[in-house]
Each structure stands twice: as C-alpha cells, then as structure tokens.
Engineer: 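So that we are looking at the same thing, I have put the structure below in structure tokens.
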Amino acid sequence: MSFSKTGLRKVKISVAIVFYNLTKDDEKQTLENIERLNSIDSFDFSFYLIDNASPDRKLNIKLPVQIKNVYIKHLEKNKGFGAGHNSILEDIDSDFHIIMNPDININDIAGFIKAINYIQINRDVVMLSPLVRNESDGKIQYLNRKEPTVFDLLIRFLGPSFFPKRQAQFVKKENGYSHIQPDDNATGAFMIARTKVLKSINGFDTRFFMYFEDTDLTKRISKKGKVIFYPYFTVVHGWKRENHSIKGISFMVKSMILYFNKWGWSLY
C-alpha cells in the first residue's frame, strides 16, 4: 500500500490504452500522459498498454528506466475494442479505472484531480466522462449525446444538413457542455469508472467489435449508479475515425443492429 506525502493512502488508478498499429505520435502522446499522471503525488497509477494483434508491428514503446508501473500486453487475435480492454480486467486492482484512446492528450491535470475527487466523494456516481476538445482547433467535440434512436443515427450519417435542429438536440449542443449532468451515451475515447462496478458487469460486451460498445457500456453500468458528464476536466482528442470507409460502415451497421436488437428498436 502506498501513501502520499500527507500520510493518506493513495487513490489507486489503473489506465488502459488499446493500440492497433502504434504510430510514433501515439507513442509520444502516451509517454507524455504517463509522465504527467505519474507526477500527481496523491494517486497511485498503473498503466496497461495493450497491442490488439497489430499486423504490421508489435507494441514496442521505449519506456524510461525509472518507470515501473507500466504493463504491456500483446494479444494474439484482434477481437475488437471492448475485448482488448476486457483482456486486463482481471489484472487490475484499483479504485478507479480509466479507459482511453491512444490519441487522447491529458494536459489538464488540475481538472483531472477535480474529476477524481468528484467521483470519489459522490459515491452514487459509477462512471464519469470529461469535456473533449479537438486537437486541431480546440473546439468542443459534441460527445455528450442522448441515447440514440434509429432516426438520430440515420440523419447523422446523411450529413449535418439533414434535420440540423434534431442533430443539435441529439448532441445537446445548447446546454450540454457547461455544467455537470447525466450522461446517457458516454464516449469511449475517455471514461473514468469505479473498478469494482466495471468488473461487476464484466466490462464491455465483446459482441461489439467496434462502435456502440461505449453506448452499450453506458446503459449497462448506469443500472448500478449515475453516469455523469463532468465539464470541469478537459481532454484533447485527435479524433481518428474510420466509419466513412466501407469496412468502417460495415462495422457500424452491424453494431447498430446488435445494439437495437439488444435494447429494443427505438425508431424516433
């Protein structure tokens, strides 16, 4: 058991990042995030870097000698985003667990500490998602979304000119980013969950290979407590998406059908 300089037990936080074809930018960003988070004296971190059976190269991040709390795992088969994260679920022993993408930049350390303190104090909160901004221009990414309907997903796929008011309502553009509020559809780009609760629902539903696994997780974990959007902590997101490719569209449609078959077809 580790203690902070104040003599109090450190809050144990595990962080999981799933990689597929690691880039130099992802490697640099990951090392910077690890360095920043390790600088927080009151938290005891463990980092799990998971290579999701990359075909071109193995995860080969060069860690500084002094870093002892990073664990690297190579998976033999890519079974999807959720399965990659679930692969270390039995290994973690923490108070809170962070699920994050490789293209996330954590530079708001003060906000991060506030977010952990918030979820620690508010014991009815089981998961928290932050405010997310673009890497390129700093604008808000509208990821505090409502629970999806078939209509909402269809018009978003068709483009921003189709039913723009309805699309704005779906992402809560007017009042969804200025104050703490329930989050019905948290983003998998960055989540902070209570580890015991996440384990109790067995993490992600691994039938979702890609897309909707975060929406499904939000719905399932919300049965155990509150899921909160917390705008006083900001992360920067590189926003690497593949749903405009034929393969990406195929994954998205399959996951959408799986989601609505599981939870009921809400058309409008």
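By convention here, the first residue in the shown sequence is residue 1. Because the structure is predicted, anything quoted here is derived from the model rather than measured.
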Engineer: Membership question, hydrophobic clusters at under 4.5 Å side-chain separation (ILVMFWY): are F45 and V235 in the same one?
Structural biologist: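 Result: yes, single cluster for both.
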Engineer: Donor-acceptor pair, N78 side chain versus A53 backbone, under 3.5 Å?
Structural biologist: no
Engineer: If Ile, Leu, Val, Met, Phe, Trp and Tyr residues are connected whenever their side-chain heavy atoms lie under 4.5 Å apart, and connections chain through other members, are I201 and V227 in the same group?
Structural biologist: yes
Engineer: Looking at every heavy atom in both T218 and A186, which two are closest together, and how far apart are they?
Structural biologist: OG1-N, 3.0 Å
Engineer: Does any part of the side chain of L153, heavy atoms only, come nearer than 4.5 Å to the side chain of Y259, both counted from C-beta?
Structural biologist: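 Answer no - side chains too far apart.
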Engineer: Could you please spell out the steps behind the side-chain contact (heavy atoms from CB on, under 4.5 Å) verdict for V171 and R156?
Structural biologist: CA-CA 11 Å; V171 298; R156 279 169 64 82; 3.4 Å; yes
Engineer: Do the side chains of L89 and K199 get nearer than 4.5 Å, heavy atoms only?
Structural biologist: yes
Engineer: Can you see which heavy atom on D183 is nearest to which on I228, and at what distance?
Structural biologist: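 For D183 and I228, the tightest heavy-atom pair comes out as CB-C, 3.9 Å.
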Engineer: Is there a donor-acceptor contact under 3.5 Å from the side chain of N134 to the main chain of S136?
Structural biologist: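 No.
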Engineer: Ring-plane angle category for Y268 and F151, please: parallel below 30°, perpendicular beyond 60°, tilted otherwise.
Structural biologist: tilted
Engineer: Tell me the closest heavy-atom pair linking G203 and L217, and the distance in Å.
Structural biologist: O-CD1, 3.5 Å
Engineer: Could you go through F190 and F233, starting from their C-alpha distance and side-chain angles, then the distance that decides it, and tell me whether this counts as ring-ring contact (aromatic ring centres under 6.0 Å, His included)?
Structural biologist: CA-CA 11 Å; F190 193 99; F233 166 45; 5.6 Å; yes
Engineer: Just jot down the side-chain contact (heavy atoms from CB on, under 4.5 Å) partners of D93, sequence neighbours excluded, or say none.
Structural biologist: K12
Engineer: To check you understand the geometry: which heavy-atom pair defines the closest contact between N52 and K77, and what is its length?
Structural biologist: OD1-O, 4.0 Å
Engineer: Backbone N or O of G176 within a donor-acceptor pair of the N144 side chain at under 3.5 Å?
Structural biologist: yes
Engineer: Do H97 and I88 have side-chain heavy atoms sitting under 4.5 Å apart?
Structural biologist: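 They are in side-chain contact.
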Engineer: I'd like to know whether T195 forms a side-chain hydrogen bond (donor to acceptor under 3.5 Å, both in side chains) with S94, so could you lay out the CA-CA distance, the side-chain angles of the two residues, the decisive distance to 0.1 Å, and finally the verdict.
Structural biologist: CA-CA 6 Å; T195 304; S94 56; 2.7 Å; yes
Engineer: Checking the side chain of S87 only, and the main-chain atoms of G84 only, is there a donor and an acceptor separated by less than 3.5 Å?
Structural biologist: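 Between the backbone of G84 and the side chain of S87 there is a qualifying donor-acceptor contact (under 3.5 Å).
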Engineer: Using side-chain heavy atoms (C-beta onward) and a distance below 4.5 Å, is Q181 in contact with K172?
Structural biologist: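 Q181 vs K172: side chains touch.
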Engineer: Name the residue from L128, I180, L131 that meets the side chain to side chain contact (heavy atoms under 4.5 Å, CB included) definition with F229.
Structural biologist: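 With F229 as partner, side chain to side chain contact (heavy atoms under 4.5 Å, CB included) holds for just one option, L131.
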Engineer: If you measure from NZ on K146 to CD on Q169, what distance do you get to the nearest 0.5 Å?
Structural biologist: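 K146 NZ to Q169 CD: 5.5 Å, rounded to 0.5 Å.
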Engineer: Look at the side-chain heavy atoms of Ile, Leu, Val, Met, Phe, Trp and Tyr, link any pair under 4.5 Å apart, and say whether M256 and F162 land in one connected group.
Structural biologist: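 Hydrophobic grouping puts M256 apart from F162.
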Engineer: Can you check whether K254 reaches F209 side chain to side chain, under 4.5 Å on heavy atoms?
Structural biologist: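 No. Closest side-chain heavy atoms not under 4.5 Å.
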Engineer: Would you say F43 and L37 make side-chain contact, with heavy atoms under 4.5 Å?
Structural biologist: no
Engineer: Give a yes or no answer on whether the side chain of Q167 reaches the backbone of G159 with a donor-acceptor pair at less than 3.5 Å.
Structural biologist: yes
Engineer: Residues in ring-ring contact (aromatic ring centres under 6.0 Å, His included) with F96, at least two apart?
Structural biologist: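 If we apply the ring-ring contact (aromatic ring centres under 6.0 Å, His included) test to F96, skipping adjacent residues, there are no hits.
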Engineer: Please determine which of T30, I104, N101, D103 meets the side chain to side chain contact (heavy atoms under 4.5 Å, CB included) test together with I17.
Structural biologist: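 That would be T30.
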Engineer: Would you confirm whether E213, through its side chain, and F81, through its main-chain N or O, come within 3.5 Å as a donor-acceptor pair?
Structural biologist: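 No.
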Engineer: Is it true that a side-chain atom of Y177 and a backbone atom of L143 form a donor plus acceptor pair closer than 3.5 Å?
Structural biologist: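 Looks like yes, one N/O pair under 3.5 Å.
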Engineer: Mind listing the closest non-hydrogen atom pair of T187 and M191 along with its distance?
Structural biologist: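 Distance-wise, the nearest heavy atoms are O-CG, 3.2 Å.
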Engineer: Between P130 and T234, is there a side-chain heavy-atom distance shorter than 4.5 Å?
Structural biologist: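 No, their side chains stay 4.5 Å or more apart.
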Engineer: Measure the spacing between CG of D51 and CG of L22 and express it to the nearest 0.5 Å.
Structural biologist: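 The distance works out to 8.0 Å.
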Engineer: With a 4.0 Å cut-off on N to O distance, would you call K262 and D205 a salt bridge?
Structural biologist: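 Yes, this pair counts.
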Engineer: If hydrophobic clusters are built from ILVMFWY residues whose side chains come within less than 4.5 Å, do V150 and Y211 share one?
Structural biologist: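 Cluster IDs for V150 and Y211 match.
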Engineer: Measure the shortest side-chain to side-chain distance between Y118 and Y232 over non-hydrogen atoms and say whether it is less than 4.5 angstrom.
Structural biologist: no
Engineer: Can any side-chain N or O of D184 pair as donor or acceptor with the backbone N or O of R145 at less than 3.5 Å?
Structural biologist: no
Engineer: Is there a donor-acceptor pair closer than 3.5 Å between any side-chain N or O of R166 and the backbone N or O of D152?
Structural biologist: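 Here the side-chain-to-backbone pair does not exist.
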Engineer: Closer than 3.5 angstrom, by distance alone: can the side chain of R36 be matched with the main-chain N or O of D108 as a donor-acceptor pair?
Structural biologist: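 Such a contact is absent between R36 side chain and D108 backbone.
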Engineer: Please step through side-chain hydrogen bond (donor to acceptor under 3.5 Å, both in side chains) for the pair N185 and T215, ending with a clear verdict.
Structural biologist: CA-CA 5 Å; N185 189 357; T215 307; 2.7 Å; yes
Engineer: Picking from R194, K224, K226, what satisfies salt bridge (charged side-chain N to carboxylate O under 4.0 Å, His left out) with D124?
Structural biologist: K226
Engineer: Could you report the tightest heavy-atom contact between T206 and A83, atom names first, then the distance?
Structural biologist: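 Shortest heavy-atom contact: CG2-CA, 3.7 Å.
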Engineer: Examine the side chains of R220 and N202 and answer whether a donor and an acceptor come within less than 3.5 Å of each other.
Structural biologist: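 No, N202 and R220 have no side-chain donor paired with an acceptor closer than 3.5 Å.
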Engineer: If you group Ile, Leu, Val, Met, Phe, Trp and Tyr by side-chain heavy-atom gaps below 4.5 Å, do V11 and I121 land in one group?
Structural biologist: no
